[in-house]
Enquirer: 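Below you'll find the structure I mean.
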Amino acid sequence: EQKDSYSFAIALGCLILADELKALEHHKERKRKKSRVVKLKQKEIKEAFPEFSGKSSTTNDLRKLLPNIASEWLMDQSITYLIDLVFTNPFAPYELKFTDKDFTKALTMVASKINLRSIDVENVIKTRKQAISAHRHIDWVKIAALGLGGLVVFGIGGLFLAPIIGTAIGTAAGLYGAAATSHGLAILGGGSLAIGGAGMAGGMALVTGVGAAAGTALLGGSKLLLSLGAAQAKVELIKLQVNYKIVLLGNQMQVKKAQSVIRDLDSQEKEIKRELKKEQELNEKNSNRIKNLEELLAALNDSIKWMKEQKVA
């Protein structure tokens with residue numbers, strides 16, 4: 001239930017962000033479109049999470065539920081939640097513009113509902129920029145930043161997102177296949193989310209795995225990285241960097257965990273190098289399979305190097 005409640009909290013966070021951005025919008029036609037998306041998300045959240053949404057019938061009713069869920073969170077959990085939201089596009093899978101300034105205002109509103117301050121928002125955003133700057137190998141044609149609303153990955157055919165969580169939520173609503181995935185992603189607001197309970201969001205799934213809450217067999221380490229593909233793995237790695245610096249190094253009780261994250265990523269790098277060697281023996285040099293692994297290795301190397309350079313707060 002804790003895992004499901006975190007998924008619901010993310011859905012609520014995206015709904016609140018979208019609702020706030022709608023209120024801040026001055027362009028009349030875009031404001032109408034944002035209003036339609038907010039209503040659609042509100043309806044889909046009700047359908048996907050009936051056990052949590054209860055009798056809440058409006059967006060305002062749903063907004064009031066977030067503080068109750070967050071009341072049981074420790075500070076680190078609240079920060080991890082904020083990190084997840086920074087990497088979302090509240091209007092996904094639809095494409096609607098918003099400014100960095102407005103997104104920061106909306107995010108600060110959500111933060112206030114989970115006992116965080118504007119300085120916490122500023123810290124997460126600043127660290128996110130630092131984490132991104134560590135990646136020399138990112139193809140920014142494929143990765144588009146819509147405002148501060150996180151790294152939304154665009155691949156062939158449009159929005160490319162890790163399907164695991166979207167499918168799980170869509171299935172919970174009684175849908176199957178592509179319809180389930182689309183439904184779930186519309187609720188979560190893009191990005192990717194590791195629902196595994198405390199300590200497994202904010203990119204931490206890359207080192208701890210995704211459990212049964214996602215409706216899949218346990219995936220962890222290099223297997224999860226490979227299943228995400230290079231593009232989405234880059235987003236999760238950057239999210240992990242932010243979590244590593246703010247949550248793990250920022251808390252003396254988590255320093256040992258921070259060290260284990262580095263060891264695990266070093267191990268994953270070796271595994272992926274072995275996988276690359278196998279693929280090189282079976283494919284053409286410029287094949288997509290090899291390029292994907294090379295991109296993944298480069299991003300993983302950039303993340304590891306950046307994390308090793310960070311100091312305990």
Side-chain angles (χ1 to χ4, degrees), residues 1-21 23 38 41-88 90 103-125 127 149-150 165 168-169 172 184 187-189 191-205 208 210-214 239 242-243 246-248 250-254 257 313:
E1 185 175 340
Q2 181 188 22
K3 298 172 184 178
D4 292 339
S5 68
Y6 189 77
S7 306
F8 180 55
I10 287 291
L12 286 179
C14 287
L15 177 67
I16 296 170
L17 286 174
D19 198 33
E20 288 295 314
L21 289 168
V38 168
K41 285 183 179 290
Q42 178 258 319
K43 179 175 178 290
E44 290 174 332
I45 288 172
K46 282 280 296 177
E47 292 174 353
F49 298 98
E51 70 277 28
F52 293 112
S53 56
K55 296 181 180 180
S56 302
S57 57
T58 67
T59 297
N60 283 335
D61 290 339
L62 287 170
R63 288 174 61 122
K64 295 174 184 176
L65 298 178
L66 182 58
N68 293 332
I69 297 174
S71 65
E72 299 180 2
W73 293 351
L74 299 175
M75 176 64 75
D76 285 355
Q77 291 171 295
S78 295
I79 293 292
T80 294
Y81 175 77
L82 188 63
I83 291 170
D84 274 322
L85 287 186
V86 166
F87 282 81
T88 65
F103 186 82
T104 300
K105 285 182 180 178
L107 196 64
T108 302
M109 169 60 73
V110 177
S112 69
K113 292 180 175 295
I114 57 173
N115 297 317
L116 294 179
R117 302 162 297 166
S118 60
I119 193 172
D120 296 312
V121 174
E122 292 168 8
N123 191 27
V124 169
I125 291 172
T127 306
I165 308 307
I169 291 176
I187 290 173
L188 290 177
S192 64
L193 168 69
I195 33 176
M200 291 184 70
M204 289 299 291
T208 53
V210 176
K239 189 192 293 185
V242 178
N243 193 306
I246 297 178
V247 178
L248 300 186
N251 184 337
Q252 293 293 332
M253 302 295 291
Q254 299 273 28
K257 187 173 183 179

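Counting from 1, the numbers follow the sequence of the chain as shown. These numbers were taken from a predicted model, which means no experiment stands behind them.
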Enquirer: Would you mind reporting whether F52 and I45 have side-chain heavy atoms less than 4.5 Å apart?
Expert: no

Enquirer: Less than 4.5 Å apart, side chain to side chain, heavy atoms only: is that true for L107 and V124?
Expert: no

Enquirer: Nearest 0.5 Å please: distance from the CG atom of L17 over to the NZ atom of K105.
Expert: 14.5 Å

Enquirer: At what distance, to the nearest 0.5 angstrom, does CG of L74 lie from CE of M253?
Expert: 11.0 Å

Enquirer: Tell me which one of I16, L21, V38 satisfies side chain to side chain contact (heavy atoms under 4.5 Å, CB included) with P90.
Expert: L21

Enquirer: Should N115 and S78 count as side-chain neighbours, where that means a heavy-atom distance under 4.5 Å?
Expert: no

Enquirer: Within the side chain of T58, is there an N or O that forms a donor-acceptor pair under 3.5 Å with the backbone of D61?
Expert: yes

Enquirer: If you look at every heavy atom in V110 and G13, which pair is closest and at what distance?
Expert: CG2-O, 4.2 Å

Enquirer: Could you measure the distance from the CG atom of L12 to the OG1 atom of T59? Nearest 0.5 Å is fine.
Expert: 10.5 Å

Enquirer: Of D120, N123, N251, which meets side chain to side chain contact (heavy atoms under 4.5 Å, CB included) against I246?
Expert: N123

Enquirer: Going by the angle between their ring planes, with limits at 30° and 60°, are Y6 and Y81 parallel, tilted or perpendicular?
Expert: perpendicular

Enquirer: Write down the atom of L85, the atom of C14, and the distance for their closest heavy-atom approach.
Expert: CD2-N, 4.1 Å

Enquirer: Is the side chain of Q42 donor-acceptor paired with the backbone N or O of S57 at a distance under 3.5 Å, no angle test?
Expert: yes

Enquirer: Would you name the heavy atoms of L65 and F8 that are closest together and state the gap between them?
Expert: CD1-CZ, 3.9 Å

Enquirer: Does any part of the side chain of R63, heavy atoms only, come nearer than 4.5 Å to the side chain of K113, both counted from C-beta?
Expert: yes

Enquirer: For T108 and S118, work out which heavy atoms get closest and say how close.
Expert: CG2-CB, 3.9 Å

Enquirer: If we ignore hydrogens and angles and just use 3.5 Å, is the side chain of K46 paired with the main-chain N or O of K41 as donor and acceptor?
Expert: no

Enquirer: Look up atom CD1 in I125 and atom CZ in F103, then write down how far apart they are to the nearest 0.5 Å.
Expert: 7.0 Å

Enquirer: If we check side chain to side chain contact (heavy atoms under 4.5 Å, CB included) with V242, which of these qualifies: D84, T80, T127?
Expert: T127

